[in-house]
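Data block below; observations after.
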Amino acid sequence: MSNAILLLCDDENVNIKHDGDRIYWRSLRQSGFEYSLPRIVEDNAYVLKGKYLTWLYELGHTKIDGQSLIERFEIRSNFSMWWMSLLIEKSNAKSPAIYSVFRLLALDMFLRDKKVKKVVVDSSDLVLIKALKGWSSDSSIQFDFLPGGVVKGLGNKKSLIKRLPYFFSATVTFVSFFFRYGTFKNKYINESIKTKRDRICFISYFYNIDRSSCDAGRFYSRYWTELHSLLSSGQSSVRWLHLFVKGDRTPNLKSANHYIDRFNENESTYESHFILENSLSLKVLFMAAHDYVKVCLAGYKLRNIHSSFKPEGCGFNFWSILEHDWMRSFFGNVAMSNALYLNMFEDVFSKWPYHKKGFYLMENQAWERALIYSWRKSGNGELIGVGHTVVSEWDLRHFVDVKEIKRSSRLSLPIPDKVALNGEMALKEYRLVGFPEDKIIKVEALRYLYLDGKQKLEGCDNNFKGMRILVLGDILSKPTLRLIKIVSEAMRALPTSTRLMIKPHPACVLTNNDWAVLEAKVITQPLDQIESEYDIAITSNATASAVDALFSGKKVFTLLDPETFNMSPLKGSNGVSFFGNSEELLDAVKMENNKSYEGIENDALFIDSNIPSWKALLLD
């Protein structure tokens, strides 16, 4: 650093004069005297992720009055609601504040490495300022807060007042479940498969279902694709437990039940279907409310827990950032939802007969912990979590401290007996955090089987002139709008012969006016039907469609977002470049267009339409 005084600001748009070094909270800009916390996070992913996972492990095992947090939230003799909390789930979508924790970890590392003596803070981020003020009170580093960044009204409120909104949100969740799912249809067992001994159970979302098959009364999920043909052999009876997800054809549970009834009428005698939410009975509601109260009481006794949110060796306390996740998990809507799903899973499996083997879509969400516990409580056989897509290094849901995985105790983290991973990309991420090799099974990537024979294609080597660009939208409107803005700026510098197409995400709510700025053709066909119509793909960092484009032999350019993790699973892959603004996009496109593309690494995804690994797993 040029001196020991550092300016910490939100982005490069600052009006104060500062001749020294500066560091940005939410900007990707970086030069000789400018540092970007988002880029520092990205460049130190492995180290920072390890620190965070270690802290979460230590937090869970923190003893308070002789009991760890895990023990204090014990809701069953072998299960703790700690495992269903937002802190353990670590979903970037549900807990966006996690990214601020990582920026603070990066800032802590930067300040220590650079031996900074003074920090001038010019920020409007209230959470950041509160965290910095907490450090400034017991740190050798001097913090000066500029007038625009001074936060007022941060004093402590009475605990009851702070918890009232969370109780209200929990009540709303409870009532919402009652009116949305309270059909009280206990159709648990298809009588036609009672006599079949070898039952297999699949737990999956009632979503991503083929429309034509659905209209014909046949169940076909794009999550499981070719597995349906294998299961139809009738060698084992198959029970499908679906989690309801609102969709175009199924806006409510009643409409979903209409299709379920048709599936059960038309399917062979070896298959049956049931939606989990149909198990919502008065008993389940009562038990869930009782569990919620128990969790709240346990949380209330931990009202001074904030002091435990300061990791050892770190200057910052994360409580101001993660408090909302804590409160929702143990007092709010998340606490109530978790209690409901736990009791629904318990109710279903207590009434169903023995299953030799179970498979579920593994994303490491909170409901999966309830599923694993309930499955084992009812004495079922082997349970396998199936990774249905690629794994990003920043999808923190997949990772825990290795000590947590290896720990064996009555209240251990519920994990499946095996995890089925679909390629070397997923294997690499799981191995990096020390996941036990004996718990990993290699299987074909069911969702990507249509790419069979295409994954080894050499990429296109097109002339810059006449290039055909496909823009792939995000499921969220904010990153999509940012992508539109940057691409529109870049298009002004590209030849007029450049052709532009747009494929919006079907779930993204944007108007035609939002897309009109690009003056491009809007398409809705699946990617496998238009692969010959474009040369390169420009995407947001979270969309899985970038994988489809890359494996179809296209070069991919992915937008980084300074306010969240780089969720792309393609980091480090050949043919993929990342950019933060229109200038970087143009430079990346020009550079990549002059390079030959060697194609995809072998076995990045395991793709074989004959699915030999799945056959061995199901028919053993």
Side-chain angles (χ1 to χ4, degrees), residues 40-61 70 82-95 98-99 101-103 105-106 109 311-314 318 322 360-366 368-369 372 383-409 412-443 445 541-542 544 547 564-573 601 603-606:
I40 294 174
V41 169
E42 182 70 11
D43 293 340
N44 296 274
Y46 181 76
V47 172
L48 296 178
K49 189 162 63 174
K51 287 183 178 181
Y52 187 68
L53 296 178
T54 297
W55 170 70
L56 278 179
Y57 172 82
E58 293 171 348
L59 179 66
H61 294 275
I70 299 170
W82 172 254
W83 303 125
M84 296 185 74
S85 68
L86 290 173
L87 278 77
I88 297 301
E89 186 173 0
K90 305 180 295 298
S91 167
N92 187 47
K94 298 178 184 177
S95 305
I98 294 176
Y99 189 59
V101 172
F102 274 80
R103 283 183 289 185
L105 285 170
M109 182 174 67
E312 185 177 352
C314 179
F318 301 145
L322 298 178
Y360 71 93
L361 291 179
M362 183 182 68
E363 296 174 340
N364 292 297
Q365 298 200 56
E368 297 172 40
R369 310 303 182 191
I372 296 169
L383 184 62
I384 300 171
V386 181
H388 62 93
T389 187
V390 288
V391 178
S392 164
E393 71 172 347
W394 282 118
D395 191 348
L396 299 172
R397 297 174 302 175
H398 290 276
F399 311 119
V400 295
D401 190 285
V402 67
K403 294 189 294 294
E404 201 74 85
I405 300 172
K406 295 180 178 180
R407 188 181 181 90
S408 178
S409 67
S412 294
L413 170 70
I415 61 175
D417 299 299
K418 295 286 195 307
V419 296
L421 302 180
N422 61 11
E424 290 296 338
M425 289 193 295
L427 284 167
K428 173 188 173 185
E429 296 301 330
Y430 270 69
R431 285 167 174 162
L432 277 175
V433 294
F435 195 86
E437 199 73 28
D438 61 353
K439 286 185 172 290
I440 295 175
I441 303 172
K442 297 180 182 180
V443 295
N541 77 27
V547 177
T564 190
F565 297 106
N566 177 9
M567 298 298 292
S568 172
L570 300 178
K571 180 180 176 181
S573 299
E601 301 89 340
D603 292 333
L605 289 175
F606 302 136

Working to the nearest 0.5 angstrom, can you tell me the gap between D401 CG and K406 NZ? 10.0 Å

Is a side-chain N or O of S95 found less than 3.5 angstrom from the main chain of I98, in a donor-acceptor match? no

According to the interplanar angle, ranging from 0 to 90°, do the rings of F102 and Y52 count as parallel (below 30°), tilted (30 to 60°) or perpendicular (above 60°)? tilted

In short, V419 meets F435 closest at the heavy-atom pair CG2-CE2, 3.6 Å

Is there side-chain contact between P416 and Y360, with at least one heavy-atom pair below 4.5 Å? yes

Using every non-hydrogen atom in the two residues, find where S392 and S568 come nearest and quote the distance to one decimal. OG-O, 3.7 Å

Side-chain heavy atoms of E89 within contact of K94, under 4.5 Å: yes

Of all heavy-atom pairs between N566 and E42, which one has the smallest distance, and what is that distance? ND2-OE2, 3.1 Å

Quick one: does any side-chain atom of R369 pair with a main-chain N or O of P414 as donor and acceptor, under 3.5 Å? yes

Would you confirm whether E368, through its side chain, and Q365, through its main-chain N or O, come within 3.5 Å as a donor-acceptor pair? yes

Has D417 got a side-chain atom pairing as donor or acceptor with L383's backbone, closer than 3.5 angstrom? yes

V400 and I405: CA distance, side-chain angles, deciding distance, side-chain contact (heavy atoms from CB on, under 4.5 Å) verdict: CA-CA 7 Å; V400 295; I405 300 172; 3.4 Å; yes

E424 side chain reached by R431 side chain, heavy atoms, under 4.5 Å: yes

Within the supplied structure, the quantity of interest is the number of heavy atoms (other residues, nucleotides, ligands) at a distance under 6.0 Å from K403 NZ; does it exceed 12? yes

If every non-hydrogen atom of N541 is compared with every non-hydrogen atom of F565, which pair is closest and at what distance? ND2-O, 3.2 Å

How many angstroms lie between CG in L59 and OG1 in T54, if you round to the nearest 0.5 Å? 12.5 Å

Can you check side-chain contact (heavy atoms from CB on, under 4.5 Å) on R103 and V41, steps first, answer last? CA-CA 6 Å; R103 283 183 289 185; V41 169; 4.1 Å; yes

Should L432 and F399 be marked as a side-chain contact (heavy atoms from CB on, under 4.5 Å) after you check the CA-CA gap, both sets of side-chain angles, and the distance that decides it? CA-CA 10 Å; L432 277 175; F399 311 119; over 6 Å; no

CG of N92 to CH2 of W394, rounded to nearest 0.5 Å, is 10.0 Å

Start with the C-alpha gap between K90 and L53, add the side-chain angles, then the distance that decides, and say whether side-chain contact (heavy atoms from CB on, under 4.5 Å) holds. CA-CA 10 Å; K90 305 180 295 298; L53 296 178; 3.9 Å; yes

Nearest heavy-atom pair of N422 and V390: which atoms, and what distance? ND2-N, 4.5 Å

With rounding to the nearest 0.5 Å, note down the distance linking OH in Y99 to OG1 in T564. 7.0 Å

Closest non-hydrogen atom pair between I440 and P436, with its separation: CG1-O, 3.7 Å

Test of understanding: with side chain to side chain donor-acceptor pair (under 3.5 Å), list the residues that count as partners of E404, not counting sequence neighbours. H61

As an exercise, state the distance from CG of L570 to CE of M425, rounded to the nearest 0.5 Å. 6.0 Å

Pair up each side-chain donor or acceptor in residues 43-51 with any protein partner under 3.5 Å, not counting sequence neighbours, and list the distances.
residue, atom, partner, partner atom, Å
N44, ND2, I40, O, 2.8
K49, NZ, E393, O, 2.8

